[in-house]
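The structure appears right after this line, and notes come after that.
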Amino acid sequence: MINTRSGRAVAAALMAAAGTALVAVSPAGANVACGSVITKSTTLTSDLHCPAGDGLHIGASGVTLNLGGHTISGTIAPDAPGTPGNQGVAIGFNRANVTVRNGTVRGFNVGIGVQGSGAFLSGITVERTAMGIGVFGTDTSPTNVRIIGNDITGTTRFSGIQMAGSGHQVSFNTFSGGEGSSIFFFGHNNVISSNTFNGVGRSAIALGPTPSTFGPFSGNQVLSNRVDGFASLSPSSAISIINGSDTLVRSNTIDGGGTSGAGVTVNASTGTTVNGNRVSMVNQGVLVRTTASGTVVSANRVQDSQFGVFVESGPTATRLEDNVTSLNSFDGIRVSSSSTSLRRNIAYSNGQWGIFATAGATDLGGNRAFGNGFGQCTANVAC
């Protein structure tokens with residue numbers, strides 16, 4: 001579920017909501033109260049409960065807010081149009097290179113809201129917020145936000161991380177439960193790597209358009225993430241790439257636990273590479289849809305699913321190479337687009353066809369199939 005905001009409108013709303021309650025605080029943290037503006041590096045010395053309004057605002061660039069192992073807690077409020085709702089920690093669009101670390105944020109509309117570039121968020125547990133972490137802006141701004149080593153659980157309305165902008169790194173975080181996608185993002189040259197997802201409600205990772213920012217979004221990488229259970233609330237893909245350009249999806253491990261969703265879906269995108277992923281217990285291991293073009297699906301292993309690799313009728317210039325599909329209920333590889341080439345794929349012990357390819361698909365050689373239920377390969381593929 002998408003909840004996009006204008007950066008400047010959000011900033012204005014935050015300042016208006018804070019009003020005269022905002023005060024600068026000392027490094028010792030003794031004067032910190034709900035609504036305080038942090039202008040110097042500060043360590044909290046106690047928990048902070050904010051039953052109404054925001055937690056803390058960052059009022060200067062280059063500062064560190066160390067939660068000191070403490071908790072900032074609040075209440076999820078009605079989300080007024082044009083604002084993000086209340087926030088546990090709010091970093092404004094003109095605040096750069098801010099660090100927030102080492103503690104818990106609980107029960108706000110947005111746990112941590114970021115509009116400034118260069119933010120670093122680490123060692124934070126964000127739990128039972130409507131949205132976990134929001135990076136608000138356009139597809140090109142903010143930039144260089146690092147979200148590393150956090151635990152985000154049980155978001156009640158939106159994504160665990162919703163992220164606009166470019167050049168961000170999201171790594172070594174854990175996600176569990178949640179009403180929306182664990183990570184929804186749009187922008188360019190972002191790296192989503194080495195995160196762990198357990199029993200998430202919808203997609204684990206989703207790149208896609210918003211009503212105001214359509215894309216295409218270029219140069220993003222989704223690497224070495226682990227997904228154990230997803231789409232518990234509605235059919236979704238573990239990893240969904242929509243309106244991407246030159247996206248790399250590599251070395252992810254996905255166990256759907258028997259979900260009706262797909263492992264990796266590519267849709268309305270150009271130049272996507274899906275390489276070296278391990279997928280099991282899903283509907284389709286890799287699904288290439290509608291207007292995707294120039295997709296390379298290579299060296300993936302899909303087993304114990306409904307279909308291994310599935311190419312719908314619409315995609316163009318799809319290339320399937322060196323994939324291994326086995327023990328799937330239906331076809332190991334199903335190709336419905338004649339604009340598809342196949343080389344050195346292996347399909348065995350699937351319930352129906354090993355490789356089923358529509359007329360016009362190009363056999364580049366080296367494909368093998370054996371032990372499949374209905375047949376090994378259609379006549380246009382030598383195996």
Side-chain angles (χ1 to χ4, degrees), residues 2 4 117 135-147 159 161-171 181-195 202-225 227 236-252 254 262-277 279 284-300 309-323 335 337 339-341:
I2 303 169
T4 56
S117 294
V135 180
F136 301 113
T138 69
D139 62 328
T140 58
S141 179
T143 60
N144 300 318
V145 173
R146 292 171 295 155
I147 304 173
S159 301
I161 295 175
Q162 180 176 301
M163 187 172 69
S166 297
H168 306 316
Q169 180 184 358
V170 181
S171 300
S181 296
S182 293
I183 301 174
F184 170 80
F185 71 109
F186 60 97
H188 313 281
N189 302 312
N190 300 293
V191 177
I192 314 296
S193 65
S194 302
N195 301 285
R202 301 183 194 274
S203 292
I205 302 168
L207 170 69
T210 75
S212 60
T213 310
F214 194 71
F217 310 111
S218 63
N220 294 289
Q221 300 183 57
V222 179
L223 311 173
S224 302
N225 301 280
V227 183
S236 307
S237 301
I239 299 172
S240 175
I241 306 299
I242 301 175
N243 285 23
S245 173
D246 299 323
T247 308
L248 176 61
V249 180
R250 173 174 287 167
S251 299
N252 301 282
I254 299 167
V264 179
T265 294
V266 180
N267 193 6
S269 298
T270 61
T272 308
T273 298
V274 181
N275 170 259
N277 302 282
V279 186
Q284 304 96 349
V286 180
L287 174 61
V288 184
R289 305 204 66 184
T290 57
T291 56
S293 64
T295 307
V296 177
V297 180
S298 63
N300 302 283
V309 177
F310 196 117
V311 181
E312 293 185 346
S313 60
T316 58
T318 306
R319 192 164 79 244
L320 310 182
E321 296 180 346
D322 299 307
N323 301 287
V335 174
S337 169
S339 183
T340 305
S341 61

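We number each residue from 1, following the sequence as shown. Every heavy atom of this structure was used, including side-chain atoms; hydrogens, water molecules and symmetry mates were not. Computed from a predicted model, the values in this text were never measured in an experiment.
- Not counting sequence neighbours, S182 has no partner by the side-chain hydrogen bond (donor to acceptor under 3.5 Å, both in side chains) test.
- The line from OG of S298 to CG of N323 is 6.5 Å long, rounded to the nearest 0.5 Å.
- In this structure T273 satisfies the side chain to side chain contact (heavy atoms under 4.5 Å, CB included) test together with L248, N275, V296, sequence neighbours excluded.
- Partners of S251 by side chain to side chain contact (heavy atoms under 4.5 Å, CB included), not counting sequence neighbours, listed by chain and number: S224.
- A distance of 7.5 Å separates OG of S194 from CG of L223, quoted to the nearest 0.5 Å.
- Among all heavy-atom pairs drawn from I183 and I192, the shortest one is CD1-CG2, 3.7 Å.
- Going from atom CG of N277 over to atom CD1 of I239 covers 6.0 Å, rounded to the nearest 0.5 Å.
- When all heavy atoms of A268 and T290 are compared, the closest pair comes out as N-OG1, 4.4 Å.
- Sorted pairs that involve residues 211-221 and meet salt bridge (charged side-chain N to carboxylate O under 4.0 Å, His left out), not counting sequence neighbours, are lacking altogether.
- Every residue was checked against the side chain to side chain contact (heavy atoms under 4.5 Å, CB included) condition with D246, not counting sequence neighbours, and none meets it.
- In this view, N189 satisfies the side-chain hydrogen bond (donor to acceptor under 3.5 Å, both in side chains) rule with no residue, not counting sequence neighbours.
- The line from OG1 of T270 to CD1 of I241 is 12.0 Å long, rounded to the nearest 0.5 Å.
- A donor atom on one side chain and an acceptor atom on the other are found under 3.5 Å apart for S117 and T143.
- Annotation: side-chain hydrogen bond (donor to acceptor under 3.5 Å, both in side chains) contacts of S141 (sequence neighbours excluded): none.
- Partners of S337 under the side-chain hydrogen bond (donor to acceptor under 3.5 Å, both in side chains) rule, at least two apart in sequence or in another chain, do not exist in this structure.
- Judged purely by distance below 3.5 Å, without hydrogens or angles, the side chains of T247 and N220 never pair a donor atom with an acceptor atom.
- Applying the side chain to side chain contact (heavy atoms under 4.5 Å, CB included) rule to S313 yields the partners S336; only residues at least two apart in sequence or on another chain are considered.
- H168 NE2 to N144 CG: the interatomic distance, rounded to the nearest 0.5 Å, is 8.0 Å.
- Every residue two or more places apart in sequence or in another chain was checked for a ring-ring contact (aromatic ring centres under 6.0 Å, His included) with F185, and none qualifies.
- For residues 288-299, the set of pairs meeting the salt bridge (charged side-chain N to carboxylate O under 4.0 Å, His left out) definition, not counting sequence neighbours, comprises R289-E312.
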